[in-house]
Amino acid sequence: MIPAMQHLLRSPWTCRLVAAFLVCVIVSPAFAQRGRAQELIDEAEALDVRHQGYEDGPYLLEEGGYALTYAVAAGLTLACVAVMFKNAKRTHLD
């Protein structure tokens, strides 16, 4: 650390002030982008491509299922459990 900074940060109040400043600097972009993110979400909901070319009216869209997600999770679980029971004394030359 720079010697001048070491001398400056010896005071607890200075440390708190620097910490508060750093927190403000790190967190401020999140607050600045929050409104823009909501605009993008609203725009994405308004421009659903699946509705283009159809007359205005009630749409019936199928809800997605979770079967593929559960199948992938089960497969990964089996792979992880199989690795746990692998014999560590065997080599690739067996």
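Owing to the predicted nature of the structure, the values given are computational and were not obtained by experimental measurement.
Through direct or indirect side-chain contacts shorter than 4.5 Å among Ile, Leu, Val, Met, Phe, Trp and Tyr, Trp13 is connected to no other residue. Grouping Ile, Leu, Val, Met, Phe, Trp and Tyr residues whose side-chain heavy atoms lie under 4.5 Å apart, directly or via other members, places Leu68 in a hydrophobic cluster with Val72, Leu76. Annotation for Tyr66: hydrophobic cluster partners, listed by chain and number, are Tyr70 (ILVMFWY side-chain heavy atoms under 4.5 Å, direct or chained).
Nearest heavy atoms, Ser28 versus Val25: OG-O, 3.3 Å.
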**OP:** Before giving the answer on side chain to side chain contact (heavy atoms under 4.5 Å, CB included), spell out for Phe85 and Val81 the whole-Å C-alpha distance, their side-chain angles and the decisive distance to 0.1 Å.
**Re:** CA-CA 7 Å; Phe85 291 110; Val81 169; 3.6 Å; yes
